[in-house]
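Structure first, then comments.
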Amino acid sequence: MAKITYIEHNGTKHEVDVPNGLTVMEGARDNGIPGIEADCGGACACSTCHVYVDPAWVDKLPEKESMEEDMLDFAYEPDPTRSRLTCQLKVSDALDGLVVQMPEKQI
């Protein structure tokens, strides 16, 4: 289980425990966290679970695969370094303490 902090665009923080094996997107969905829409349900077929990863975590996450890179092209104001799709981030003990911030909107 990992404690993940989701920060809404307005600064509201949600700190939740997410079971290992789920994705960061599923953790948001299951805990009713606003700002992650996940329209495709985690199939990496949209960009509505886009977040900005806290700079301290960028190098601790697995590399983006090409499909995620392609979908991030459709995200609202993607950051080449910090933007990730939460459906592609599998939760494990290694993600304990992860902090992600939602963009102003999802498109």
Side-chain angles (χ1 to χ4, degrees):
M1 181 147 329
K3 188 169 296 294
I4 298 176
T5 302
Y6 300 86
I7 304 173
E8 294 179 53
H9 183 72
N10 67 11
T12 303
K13 292 183 181 182
H14 304 270
E15 191 174 276
V16 298
D17 291 321
V18 181
N20 290 349
L22 293 182
T23 63
V24 175
M25 181 273 294
E26 291 168 322
R29 179 199 63 200
D30 294 353
N31 288 282
I33 299 187
I36 294 181
E37 297 171 12
D39 288 345
C40 75
C44 198
C46 73
S47 64
T48 62
C49 68
H50 168 231
V51 295
Y52 303 111
V53 174
D54 185 272
W57 280 90
V58 170
D59 293 332
K60 297 177 184 178
L61 298 176
E63 297 266 335
K64 296 174 202 165
E65 293 188 10
S66 61
M67 200 154 109
E68 181 179 4
E69 289 274 8
D70 291 345
M71 286 297 107
L72 282 169
D73 288 341
F74 300 102
Y76 179 75
E77 296 185 351
D79 178 286
T81 304
R82 296 181 52 219
S83 287
R84 293 301 300 259
L85 297 181
T86 54
C87 69
Q88 298 302 295
L89 298 174
K90 184 80 76 174
V91 175
S92 69
D93 290 342
L95 291 191
D96 189 42
L98 176 66
V99 178
V100 297
Q101 183 169 14
M102 273 70 94
E104 182 179 356
K105 62 184 177 179
Q106 300 285 0
I107 54 174

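Since we're looking at a predicted model, the values are computed, not measured. The analysis underlying the following values was restricted to heavy atoms, covering all of them including side chains, and did not include hydrogens, waters or symmetry mates.
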Inset, instruction - Kindly indicate whether the side chain of P103, heavy atoms from C-beta on, has any atom under 4.5 Å from the side chain of E77. - result: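 P103 vs E77: side chains apart.
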
Legend entry - V99 vs I7 side-chain heavy atoms within contact, under 4.5 Å: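 V99 reaches I7 side chain to side chain.
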
Scan [range] for pairs that pass side-chain hydrogen bond (donor to acceptor under 3.5 Å, both in side chains), counting only residues two or more places apart or in two chains.
| range | answer |
| --- | --- |
| residues 54-66 | none |
| residues 80-94 | N20-D93, H50-S83, E68-R84 |
| residues 95-106 | Y76-E104 |
| residues 29-49 | none |

To check you understand the geometry: which heavy-atom pair defines the closest contact between [X] and [Y], and what is its length?
| X | Y | value |
| --- | --- | --- |
| C49 | C87 | SG-N, 3.4 Å |
| V18 | T23 | CG1-O, 4.2 Å |
| M25 | A38 | SD-CB, 3.3 Å |

Inset, instruction - Show which residues join Y52 in its hydrophobic cluster (side-chain heavy-atom contacts under 4.5 Å, direct or indirect), or state none. - result: none

Legend entry - Inter-residue atom distance K13.NZ - T5.OG1, 0.5 Å rounding: 7.0 Å

Legend entry - Spacing of CD1 belonging to I36 relative to OH belonging to Y6, to within rounding of 0.5 Å: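 Separation between the atoms: 6.0 Å.
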
Legend entry - From CA spacing to verdict: side-chain contact (heavy atoms from CB on, under 4.5 Å), L85, L72: CA-CA 7 Å; L85 297 181; L72 282 169; 3.7 Å; yes

Legend entry - Same apolar cluster: L89 and V58, side chain cutoff 4.5 Å: yes

Inset, instruction - Tell me whether V53 is reachable from M71 by hopping between hydrophobic residues (I, L, V, M, F, W, Y) whose side-chain heavy atoms are closer than 4.5 Å. - result: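 No, because M71 and V53 fall into different hydrophobic clusters, even though each may have its own neighbours under 4.5 Å.
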
Inset, instruction - Any chance you could lay out the side-chain contact (heavy atoms from CB on, under 4.5 Å) test for I4 and V91, step after step, and finish with the verdict? - result: CA-CA 9 Å; I4 298 176; V91 175; 4.0 Å; yes

Legend entry - Qualifying residues under side-chain hydrogen bond (donor to acceptor under 3.5 Å, both in side chains), relative to H14, sequence neighbours excluded: E8

